[in-house]
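Naming convention: chains lettered A, B, ... in sequence-line order (proteins, then strands); numbering from 1 in each chain.
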Protein chains: 2
Amino acid sequence: MPNDAKTEEVRSHAADTRPLDAFDRRILGELAVDASLSYAELGRLVGLSAPAVHERVKRLRASGRVRGTVAVLDGPSTGKPFLAFVHVDTTGWGKTHELMALTELPELEEIHSVAGDTCMLLKVRCKSSRALEGLLARLYAMPCVKATRSYVVLSTYLERTPQADITDALENDRSMAHPGQ
Amino acid sequence: MPNDAKTEEVRSHAADTRPLDAFDRRILGELAVDASLSYAELGRLVGLSAPAVHERVKRLRASGRVRGTVAVLDGPSTGKPFLAFVHVDTTGWGKTHELMALTELPELEEIHSVAGDTCMLLKVRCKSSRALEGLLARLYAMPCVKATRSYVVLSTYLERTPQADITDALENDRSMAHPGQ
DNA sequence: CTTGAAAGCTCTGTAAG
DNA sequence: CTTACAGAGCTTTCAAG
């Protein structure tokens with residue numbers, strides 16, 4: 001876990017559009033699981049020298065493909081055992097910027113606009129059902145909010161940040177991609 | 001970004017049930033946003049000395065409240081611009097362990113069992129809609145899967161890992177907690 | 001909890017192949 | 001890309017208050 005922030009190289013989201021090679025993907029794969037690796041260990045894992053991986057990680061950070069390194073907190077043991085997804089139906093379209101005011105709430109982890117039988121999808125992690133009620137009250141206080149449907153999580157079996165694949169597993173499927181075959 | 005893994009102190013999920021004080025919450029709050037801080041900087045931010053914060057972070061890691069530190073990858077620029085949530089209806093109950101086989105797919109980021117008009121909720125990030133179709137094909141190949149509803153993400157406005165609050169914002173709400181008041 | 005100091009390791013950059 | 005060599009900085013630990 002390198003202090004690359006101070007390594008120079010402005011963190012401007014430069015559009016380094018060069019495609020990732022196999023080394024880059026392996027590096028990203030390891031860092032997505034454990035960013036507390038030294039460059040020496042990381043290099044050993046992917047088969048490169050420490051200076052080489054350092055250079056690549058620096059590039060990956062500068063290009064915006066690595067957004068940052070964070071500590072993953074355990075919700076239940078840090079005071080937030082309650083997790084829920086909330087579907088929000090809005091009146092009209094383009095009301096997303098009104099919902100952006102909710103970003104200030106640390107309980108809100110995700111805000112997406114989606115296609116389907118709802119408009120927006122929220123992920124909320126909070127202390128209790130009372131806290132979720134507080135969020136719903138705040139939602140319905142907005143004129144653009146027409147209805148909500150909440151899905152309270154009973155158990156979480158998997159939860160992780162975006163992974164980097166060596167091979168795209170789902171792409172090599174037996175779908176009806178080649179019907180005439 | 002300390003290499004606390006090698007500091008000793010087994011990472012066994014010991015149930016250190018001591019409540020978090022204000023310092024712990026501030027430390028967790030900072031690390032959840034940026035874990036690439038030196039103990040010196042972190043100490044300056046929360047008002048403690050470097051050895052003191054080091055001791056606390058070590059405790060927070062050992063207690064399982066910090067599950068690890070990871071690099072947050074940018075989905076679109078790392079080959080996965082397609083994000084979707086999938087509701088899965090199963091026949092009967094307790095079929096979760098069958099869905100656990102999907103954990104091997106790096107495209108799958110979350111698996112929850114939920115209360116509401118569906119049984120399971122998945123979060124999938126993949127290369128294309130074709131890849132999502134591959135996942136659905138794999139889902140319907142399972143005898144326990146009765147139906148699915150997919151919510152394709154059009155735009156993501158917020159996406160972050162669990163945050164640590166200094167104050168529980170949603171708890172101090174004006175809900176109908178004290179009706180007789 | 002603090003300060004201070006010492007030891008060890010990593011990072012970071014440079015240089016040469 | 002590699003190996004190798006330094007300087008700088010940080011982590012980590014211990015001691016003492």
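The side chain of B/S38 lies closest to D/dC10, out of D/dT2, C/dC11, D/dC10. Across C/dG4, D/dC1, C/dC1, the shortest atom-to-atom separation from the side chain of B/A52 is found for C/dC1.
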Going through the checks in order, is the salt bridge (charged side-chain N to carboxylate O under 4.0 Å, His left out) test met by B/R149 and A/D117?
CA-CA 9 Å; B/R149 283 176 301 287; A/D117 59 20; 5.2 Å; no
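Per the geometry, CD belonging to A/E55 stands 14 Å off P belonging to C/dC11, to the nearest Å. Look at CZ on B/R56: it is 9 Å from C1' on C/dC1, rounded to the nearest Å. If you take CG of B/L37 and P of C/dC11, they are 17 Å apart, rounded to a whole angstrom. For B/H54 and C/dG8, the NE2 to C1' distance is 14 Å, given to the nearest whole Å. Whole-Å rounding puts the B/L42 CG to D/dG9 P distance at 20 Å.
Judged by distance alone, the side chains of A/R65 and A/S63 do bring a donor and an acceptor atom under 3.5 Å apart. No donor-acceptor contact under 3.5 angstrom links the side chains of B/E159 and B/T156, judged on distance only.
Within the 4.0 Å cut-off from OP1 or OP2 of D/dC10, not a single side-chain nitrogen or oxygen of B/Y39 is found. Side-chain N/O atoms of B/K58 include one lying less than 4.0 angstrom from OP1 or OP2 on D/dT13.
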